[in-house]
Amino acid sequence: MNNCLDCKIKSAAVKTLTSDELQNLGNNCAQVYFKKGDIIFKEGAFSSNIIFLRSGLVKIHIAGPAKNQITKITKAPSFLGIPTTFNEKINHYSATAIEPTSVCFIDKDIFKDFIFKNGKFAYEVIVEICSSELSSFEKCVNRTQRNIHGRLANALLTFAEDIYGKDEFEMPLSRVELGNFVDTSRESVCRILTEFNNDKLIRLNGKSITILNRESLEAIRLYG
DNA sequence: GCATTAACCACAG
DNA sequence: CTGTGGTTAATGC
């Protein structure tokens, strides 16, 4: 069993729990490590857990009519699978680690119990779901109204700013995955990436990307 | 019409 | 898996 009482990586929701509740949580969760590429849960499979992403990076993806699509990239700390576990018997999407990742599997019933009995806990869960829904609205607009250059520039800036917090990072996605993420073909991703590189907007070296000209990328994100 | 854009295909590292 | 070049269909001017 886990010792959740002394865990340093608590979600905002879990921070509201009492010692008794934390004890209870520890008795009903399990900590697991995943390597890059490991599937954390799979679309179509039976689901009975809420998953807390303690550290690492995860892609959420859905099998569409034509191909697999990456819906979002989720960084720690956050809950995975709330929409797919609550009131659903099977997962409606998959989650795969794209970096070494540590998660806690939490029994769905205990999670529900906290929601019923602890209003602050429920509130923090709602806050997280709200911000997630907002970002999915934004992604919807981005996808529809930006051209490919804009979408890719947006993705690169998102990785640099929101995910890694620095201008130099290793792109955890392959070109194909990047295409699935920004809704384009892998060829276009390759082309535009080398274009950005040639124009000195980024330095590209395989998977390693450095943002060189943030202003221009931001302009491209806005105007394509 | 003509130009542009981006997907699809094919082939080579 | 990546990078490129050629071709093609759709769209805008």
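Atom set for the values below is all heavy atoms of this structure, side chains included, hydrogens, waters and symmetry mates excluded. Here is how names work: the chains are called A, B, and so on, in the same order as the sequence lines, proteins then strands, and each is numbered from 1. The shown structure was predicted, so the numbers you read here are calculated from the model rather than taken from an experiment.
Between the P atom of C:dT2 and the CG atom of A:Leu193 lies a distance of 11 Å, rounded to the nearest Å. Between A:Phe196 atom CZ and C:dG3 atom P the separation is 15 Å, expressed in whole Å. Rounded to an integer number of Å, the gap from A:Met171 CE to C:dG3 P is 12 Å.
Between A:Glu99 and A:Lys75, no side-chain nitrogen of the basic residue sits less than 4.0 Å from a carboxylate oxygen of the acidic one, so the salt-bridge criterion is not met.
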Using a cut-off of 4.0 Å between protein heavy atoms and nucleotide atoms, how would you tag nucleotides 3-8 of chain B 5' to 3' with B, S and -?
-> ---SSB

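Other members of the cluster containing A:Phe116 do not exist, because no ILVMFWY side chain is joined to it at under 4.5 Å.
Not a single donor-acceptor contact under 3.5 angstrom links the side-chain atoms of A:Arg175 to the base of C:dG3.
Taking only side-chain nitrogens and oxygens, A:Lys207 comes nearer than 4.0 Å to OP1 or OP2 of C:dT2.
Surrounding NZ of A:Lys42 are at most 12 heavy atoms belonging to other residues, nucleotides or ligands under 6.0 Å away. Around CZ of A:Arg143, the count of heavy atoms belonging to other residues, nucleotides or ligands within 6.0 Å exceeds 12. A 6.0 Å sphere centred on NZ of A:Lys117 holds no more than 12 heavy atoms belonging to other residues, nucleotides or ligands.
Checking A:Asp183 against A:Gln69 by side-chain atom types alone, a donor-acceptor pair falls below 3.5 Å.
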